[in-house]
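Below is one structure, written out as structure tokens; the observations come after it.
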Amino acid sequence: METRINEIANGIYRLSTYVPDIAPPAGFVFNQFLVLGDEPLMFHTGLCKMFPLNREAVRRIIPLERLRWITYGHYEADECGAMNEWLAIAPQAQAAHGQTGCLVSLNDMADRAPRVLQDGETIDLGGGKRVRYIDTPHTPHGWDAGVLYEESTQTLMCGDLFTQLGDGPALTNGDIVGPAIAGEDLFRYSALNPNMGATIRGLSKLAPRTIALMHGPSFSGDGAAALRALADDYDRRINGAFAAPQSAAA
Ligand SMILES: [Fe+2]
Ligand SMILES: [Fe+2]
């Protein structure tokens with residue numbers, strides 16, 4: 001395995017590792033994102049077992065000890081499995097996550113105390129970069145789920161939303177909704193809940209120019225339209241799942 005590096009927006013790097021053995025023959029990618037600034041930020045730590053690969057990839061971009069913020073979408077191995085490894089090699093680094101995530105997991109699991117982010121709170125990274133944390137509970141899964149939005153580049157780091165199979169290009173302006181529907185059909189990874197469509201539609205108001213997928217290519221284009229279409233598909237699924245059962249009796 002190798003970890004490939006591409007700049008998908010100004011100062012935002014995608015570190016991508018393709019694993020052909022997951023969901024063959026298409027395979028599956030795991031992406032971390034590194035946002036440069038005076039205080040560089042990582043979104044997703046990667047799996048613990050991928051730490052050596054990701055560490056060497058980050059080292060090709062910045063000195064490891066410059067890493068300042070460690071963030072992720074929800075508490076799960078691919079999102080934050082290597083958190084303490086990163087905290088160990090970057091003495092200035094601090095994990096940051098939403099209130100729920102800190103209360104239920106991070107206050108106990110992180111080797112150093114995390115920064116608790118309120119819904120909508122921003123971290124100024126310097127160098128013109130500002131990231132905004134947005135709570136998305138149970139969307140696509142995890143009570144503590146949230147996403148990050150980098151304001152200067154209008155880049156939404158959406159975590160597991162839009163998960164798709166395969167090893168596509170680093171950046172695409174093609175369709176990401178159809179592959180995401182296929183990914184949901186296969187994996188059933190989302191915690192379908194009545195608020196899901198509204199939560200995703202709320203993200204569309206950010207009108208992102210780039211959407212950085214954890215499992216798939218980054219998307220450049222009309223991010224609002226893609227998010228609305230994804231929200232519509234989840235509304236369809238949820239309306240079906242929660243529809244009142246038809247009575248057999250007349
Ligand atoms: Fe996940
Ligand atoms: Fe993931």
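As the structure lists them, so they are numbered: ligands from 1, and atoms in each ligand from 1.
Nearest to the Fe ion (ligand 1), among the N, O or S atoms that E76 has, is OE1. Its N, O or S atom nearest to the Fe ion (ligand 1) is what matters here, and for H141 that atom is NE2. Restricting D160 to its N/O/S atoms, the shortest distance to the Fe ion (ligand 2) is reached by OD1.
Judged purely by distance below 3.5 Å, without hydrogens or angles, the side chains of T17 and T3 pair a donor atom with an acceptor atom. No side-chain donor-acceptor contact under 3.5 Å links E2 and Y18.
Salt-bridge annotation for E121 and R115: present, with a side-chain N of the basic residue lying under 4.0 Å from a carboxylate O of the acidic one.
At a cut-off of 2.8 Å, T163 does not coordinate the Fe ion (ligand 2) through any N, O or S atom. Taking backbone and side chain together, D78 holds no N, O or S atom under 2.8 Å from the Fe ion (ligand 1).
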- Worked verdict on T210 versus S218 for side chain to side chain donor-acceptor pair (under 3.5 Å): CA-CA 7 Å; T210 303; S218 292; over 6 Å; no

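Of the possible donor and acceptor atoms, one in the side chain of Q94 sits under 3.5 Å from a partner among the backbone N and O of A113.
The angle H215:NE2 - the Fe ion (ligand 2) - E79:OE2 amounts to 160°, with values rounded to 10 degrees.
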